[in-house]
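First up is the structure itself, then whatever we jot down about it.
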Amino acid sequence: MDPIPTDCPPPGLEPMLNLLYFARLREVLGRETERIELPADVSTVAGLAAWLRTRGDAWERELAPGKTWRAAVNQDMAQPDTPVRDGDEVAFFPPVTGG
Amino acid sequence: MNDRAVVVPGKTEVRVQPEDFDVGSEIARLRADNPRVGAVATFIGVCRDLNDGSQVAEMTLEHYPGMTERALEKIAVEARGRWDLIDILIVHRIGPMHPTDQIVLVAVTSSHRGEAFAACEFLMDYLKTRAPFWKKESTGEGARWVDARASDDAAAGRWS
């Protein structure tokens, strides 16, 4: 049996994520923010996007692997294989257009 | 004698704000009569009235509060790792903009012009591809989100 990780949440508290959506993605997905339980088999940004796609409709269209979306975890730019853990803030947005 | 050894890093200031900025007073404050500053390089990004073939009446800049400042600070740290710089200032506006409005100011001080010019361009190229801002334009055909440009990715890629 694997040792219990030291950052495991106390028993009885479910692992949660704060999700944020920006710009055109926010408009198309129809929400700015939400708090969800960390799905059991999700451990990366790509995994989370795949889980969100199961909602269908715009989620399935906009977060498809071939689409140009970006993500940040805890306010750092992320890659598809960036880990996602209990308590993380994960944001989804289009490629940036500042400056 | 190699004077690289005596470049003392100054300040890094990053601001995200709706208010306009005055370049003259920002530069005066930035270099603060530091006699080691031999070069000041500045870039100002300005809102235009034409983008992708359409007349732009108004633009709105959205951002990711918290991450925006963090991302700009990281870009500044990266610039310091590449060049001997004294001060770095980045001011980026948010909210509604109209053609001829100032959008962003990047200012860098250093001993010599090579570092200042290069760092100023680097900071803008990285800001364009890594700082979480998004522009929405109002044109004659309605409102639309501005698409990121491949040329911006290519410009940032030059510094790899």
Side-chain angles (χ1 to χ4, degrees), chain A residues 16-36 44-46 48-49 52 57-99, chain B residues 14 16 43-48 51-52 59-75 78 90-94 97 102-106 120-137 143-153 155-156:
Chain A
M16 303 296 290
L17 295 178
N18 279 334
L19 303 187
L20 305 175
Y21 307 99
F22 289 93
R24 194 188 62 81
L25 272 189
R26 181 193 64 250
E27 288 181 352
V28 172
L29 297 174
R31 70 186 61 172
E32 193 173 314
T33 183
E34 61 179 315
R35 196 166 156 73
I36 63 166
T44 65
V45 165
L48 179 58
L52 289 169
D57 299 320
W59 299 91
E60 189 176 354
R61 281 195 309 272
E62 294 294 335
L63 297 179
K67 289 288 194 170
T68 52
W69 51 268
R70 303 279 184 270
V73 175
N74 298 328
Q75 304 190 356
D76 285 322
M77 279 293 190
Q79 298 302 317
D81 60 356
T82 300
V84 169
R85 300 184 182 97
D86 176 35
D88 282 349
E89 174 173 298
V90 185
F92 291 91
F93 41 80
V96 302
T97 56
Chain B
V14 159
V16 176
F43 175 83
I44 301 168
V46 181
C47 183
R48 291 177 298 135
N51 191 35
D52 271 335
M59 184 192 61
T60 305
L61 264 162
E62 179 175 331
H63 78 301
Y64 181 168
M67 183 179 172
T68 322
E69 293 85 346
R70 185 182 169 88
L72 293 174
E73 277 156 15
K74 282 173 78 169
I75 294 167
E78 176 122 23
I90 304 173
V91 181
H92 200 300
R93 295 179 64 199
I94 49 173
M97 306 275 149
Q102 301 185 127
I103 300 170
V104 60
L105 169 65
V106 170
C120 194
E121 187 166 21
F122 168 86
L123 288 165
M124 270 310 301
D125 285 346
Y126 265 41
L127 181 161
K128 295 287 277 186
T129 53
R130 295 172 185 217
F133 296 98
W134 300 274
K135 290 174 180 164
K136 191 172 190 183
E137 294 171 335
R144 65 181 183 194
W145 289 96
V146 172
D147 283 328
R149 294 174 188 265
S151 56
D152 287 333
D153 284 320

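Letters go in sequence order (proteins before strands), and every chain restarts at 1.
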Fill in the blank from the handout: For B:Ala143 and B:Lys136 the tightest heavy-atom approach is CB-CE, 3.9 Å
Problem - Pairwise side-chain contact, A:Leu19 with A:Leu48, heavy-atom cut-off 4.5 Å (strictly under) - result: yes
Handout entry: Largest heavy-atom contact set with chain A, pairs under 4.5 Å, which of B:His92, B:Arg144, B:Arg93, B:Lys135
Key = B:Lys135
Problem - Among A:Pro95, A:Ala91, A:Pro94, residue most engaged with chain B (heavy-atom pairs, under 4.5 Å) - result: A:Pro94
Practice task
Anything under 30° is parallel, anything over 60° is perpendicular, the rest tilted; go ahead and classify A:Phe93 against B:Tyr64.
Solution key: perpendicular
Practice task
For chain A, find which of B:Leu61, B:Ile94, B:Val146 contributes the most heavy-atom pairs closer than 4.5 angstrom.
Solution key: B:Val146
Handout entry: Options A:Glu89, A:Met77, A:Arg24, ranked by heavy-atom pairs under 4.5 Å with chain B, top entry
Key = A:Arg24
Practice task
Give, for atom CE of A:Met16 and atom CG of A:Asp88, the distance between the pair rounded to the nearest 0.5 Å.
Solution key: 12.5 Å
Practice task
For A:Glu34 and A:Tyr21, test the side chains for any donor-to-acceptor distance below 3.5 angstrom and give the result as yes or no.
Solution key: yes
Practice task
Side chain from CB out, backbone as N, CA, C, O: work out which of these in A:Asp76 comes under 4.5 Å of a heavy atom of chain B, or both, or neither.
Solution key: both
Handout entry: Donor on one side chain, acceptor on other, B:Glu137 and B:Trp145, under 3.5 Å
Key = no
Problem - Structural part of B:Ala131 lying under 4.5 Å from a heavy atom of chain A - result: backbone
Practice task
Select one option (side chain, backbone, both, neither) describing which atoms of B:Asp152 are under 4.5 Å from chain A's heavy atoms.
Solution key: neither
